[in-house]
Structures are given as structure tokens and as C-alpha cells.
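Structure first, then comments.
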Amino acid sequence: MIRLESLTKSYGKVVALDGVDLAVRAGEMVTLVGPSGSGKSTILRLIAGLDRPDRGRVVVDGQDVAQVPPHRRAVAMVFQDYALYPHLTVRGNLLFGLRVRRVRRAEAEERACAAADRLGIAELLDRYPDETSGGQRQRIALARALLREPTVYLLDEPLASLDAPLRFATRADLLTLHRELGTTTIHVTHDQAEAMTLGERVVVLNRGRVRQIGPPQQVYDEPEDTFVAGFLGSPPMNLVPGGGVLGGGTDLTLGVRPEDLRLDPDGPVTATVEAVEALGSEAVLLTRCDDGTRLTVRTGPRPGVWPGDQVRLRADLGRIHRFDADTGRRR
């Protein structure tokens, strides 16, 4: 189990973390998501011991690890840029950490081959990193972390540089690996699909503070404030101060997800289509209402409307979210 208690960290005048509290259960995979500069990677660095907090504690399995050096923490970290040694073969990269820890050569070779087999890179063992693809390098980095046999995995946007099909496949591999190993894992990402599919719980961060923690679907369906509502979701939630065309009062900001708006010839909201994003399996309409409010609508793959068309919209009244106009908090 990992527990962060009032964790605070600044770099000069920049506050990276501002009193973060978080408990990660043993064997759980938690995803940290938020915009750049929200403090996601800083949390990983503090857990790994690469940085020290200004205030607060990092507690792992009941032990405050403030005085434990990085190499003695049972933590394996996978970086976005893989951090492979270019002058070593894949085999050399896998064996390096084991040799540093003085694992017997025969045992190290056996463990390296087993990890390579598990991640499908056995045929790459005698290549150098620059002779492999981005997806293969990612698997090498994961295999190297696997060999350490840690109690905690820290994944810092490990899939960010992969193309979409490979990212999808590697995401599935990560889930399978986590189920097999059952190791406590904290995964950092800015990709919302990864946040929704990988984590058993999602932690939404902004400006060094935790904005919401919960199961992915719950956070998506019941955002606690307008930041979470506008950040989580692609396209993001439509937020209308004062309610506008959605109704409501001046003390409210009303929100509706694009999928909870639909084209309806008898709908109460009139709008002009400004753009149509055809995405194959669906389409996203960017519309402007008569009062100037812009609403994004997610439809089926062939909505039959074009830029400049007049349409009528209807919102699912049971899926309208209400937020306080002043604080942005959910009502």
C-alpha cells in the first residue's frame, strides 16, 4: 500500500504539489491524469526517491521512506523516453540491473529470457535499441522493470510516443501484465482513453491539487467540479454559464456531454452547424446556438447535416449537470 500525506513540492517559485493526499491499495492500478504541469510526474519522482518533498510523507507498506535511497526502494519506474542504454544490446539492457544487484549470471540470463518471452521480444535480444521500433523499445523498458520484481510499478506516460494502433495494443498488454502480476501500479497519462481503460481508479490533478478520485466511469458521469467536467471527456462536456439555452438560473453553470445531446426536428434548441468532424464510427458536430452559445454534439457516423445547416437539438434532461456558478462545485 502507498499513502501520500499532505505532499508538497516546489521548484523555485513553481508549486508542483500543494498538499496531495492519496492512498493506493496493495495490488491496485491507479491512473493519474491532468494537464501538463499538474504534478503527475512529480508524484512518481517523490515515490521513487528521485526528489524529496518539501513537506508531507510518502509511506510504503507502513514505512516512511523519506530516508530510504532510490536504489533501496522496491520501485521500478518506466519513463516516456524508455531510458535504454544505446551502447548495450537488448540483452545487455535487461541484464544491467541484475548485474548491479549481483545476481548470479546463470540466474540473470534465465530471468532476462523469461521476461523477454513474456513480453514478446525474445527475438530482439541481440539487437541494439536503435535497431528496434518504438513499440519494441517500450516492451524492452517494461521487461527491464519487470526483472526488478518490485512491489510498486511507476509508469510515466509510457505509451505517449506510440502511434494509435500500437498504443491500443500495448494498453491491452499492460492490463494483462497487471492482472498476472498483481503489483501495485501508478500510471501517469494525459491520454483520456488510457485513463478510462487502465486505472481501477482515476485521480484527476490540476495545479498540484487533487480535484477528484474515483472509478473512471463515476468520475466521468459525476464530475465534482467544472474543471473535471471540462477536462475528462473527448470532446469535453459543454458548459453553459447561467444555463442559457439549457435553462437554469444565473447562479448555475449547466453542463451536458456531447453524447447526451441529439438531433431532433422538434427539439427546443435551434443551432447552426459550423463544422462536422467525421470520425468513421461517429461524427462530432460543432454548432452555434441563436444566443451565441457553442454546443458540441456527438452523433452516429452519418448525421446527414453539413456546415451552414440549421438544426434543432434536444438534451437528455436526466443527464444535465449542475455546478455552482461561483465555486464551480457540483450541486
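Keep in mind that the numbers below use all heavy atoms, side chains included, and drop hydrogens, waters and symmetry copies.
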Item checked: Intermediate values then yes/no, side-chain contact (heavy atoms from CB on, under 4.5 Å), Asp156 and Met77 -> CA-CA 7 Å; Asp156 192 3; Met77 191 164 179; 4.3 Å; yes
Note to self: If you apply the rule side-chain contact (heavy atoms from CB on, under 4.5 Å), what do you find for Glu157 with Lys40, and how did you get there?
What the structure shows: CA-CA 10 Å; Glu157 301 198 45; Lys40 308 183 297 295; 4.3 Å; yes
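Thr287 places none of its side-chain heavy atoms less than 4.5 Å from the side chain of Arg294. The shortest distance between side-chain heavy atoms of Glu259 and Arg319 does not fall below 4.5 Å. Taking 4.5 Å as the limit, some side-chain heavy atom of Val30 sits within range of a side-chain heavy atom of Val24. Side-chain contact between Leu125 and Leu94: present, with at least one pair of heavy atoms (C-beta onward) separated by less than 4.5 Å. Using a 4.5 Å heavy-atom threshold, the side chains of Ile121 and Arg137 count as separate.
Defined by atom type and a distance below 3.5 Å, a donor-acceptor pair is present between the side-chain atoms of Gln310 and Thr272. Using a 3.5 Å distance cut-off with no hydrogens or angles, the side chains of Thr132 and Arg127 do not pair a donor with an acceptor. Judged purely by distance below 3.5 Å, without hydrogens or angles, the side chains of Thr293 and Asp291 pair a donor atom with an acceptor atom.
Taking the salt bridge (Lys or Arg N to Asp or Glu O under 4.0 Å) definition, one finds that Asp309 meets it with nothing, sequence neighbours left out.
For Glu110, the CD atom counts as loosely surrounded, since its 6.0 Å shell holds 12 or fewer non-hydrogen atoms of other residues, nucleotides or ligands. Arg331 CZ: more than 12 foreign heavy atoms inside a 6.0 Å radius.
Linking ILVMFWY side-chain heavy atoms closer than 4.5 Å, directly or via other members, places Val20 and Ile213 in a single hydrophobic cluster. The same ILVMFWY cluster, assembled from side-chain heavy atoms under 4.5 Å apart, contains both Leu175 and Leu155.
Looking only at distances, a side-chain donor or acceptor of Arg52 sits under 3.5 Å from a matching main-chain atom of Ala66.
Side-chain heavy-atom separations under 4.5 angstrom define the hydrophobic clusters, and the remaining members of the one that includes Leu239 are Met237, Phe323.
Closest of all the heavy-atom pairs between Pro216 and Ala195 is CG-O, 4.1 Å. Taking every heavy atom of both residues into account, Gly230 and Pro236 meet most closely at O-CB, 3.0 Å. Smallest separation of non-hydrogen atoms from Leu313 and Ala271: CD1-CB, 4.1 Å. For the pair Val269 and Cys289, the tightest heavy-atom approach, listed with the atom from each and the gap, is CG1-SG, 3.7 Å.
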Donor-acceptor pairs under 3.5 angstrom involving side-chain atoms of residues 200-209: please list them, not counting sequence neighbours.
unit_1 : atom_1 : unit_2 : atom_2 : d
Glu200 : OE2    : Met29  : N      : 3.0
Glu200 : OE2    : His178 : NE2    : 3.3
Arg201 : NE     : Glu28  : OE2    : 2.6
Arg201 : NH2    : Ala23  : O      : 2.6
Arg201 : NH2    : Glu28  : OE1    : 3.1
Arg209 : NE     : Asp18  : OD2    : 2.9
Arg209 : NH2    : Asp18  : OD2    : 2.8

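A cation-pi arrangement, defined by a distance under 6.0 Å to the six-membered ring centre and an angle within 45 degrees of its axis, is absent between Arg211 and Phe231.
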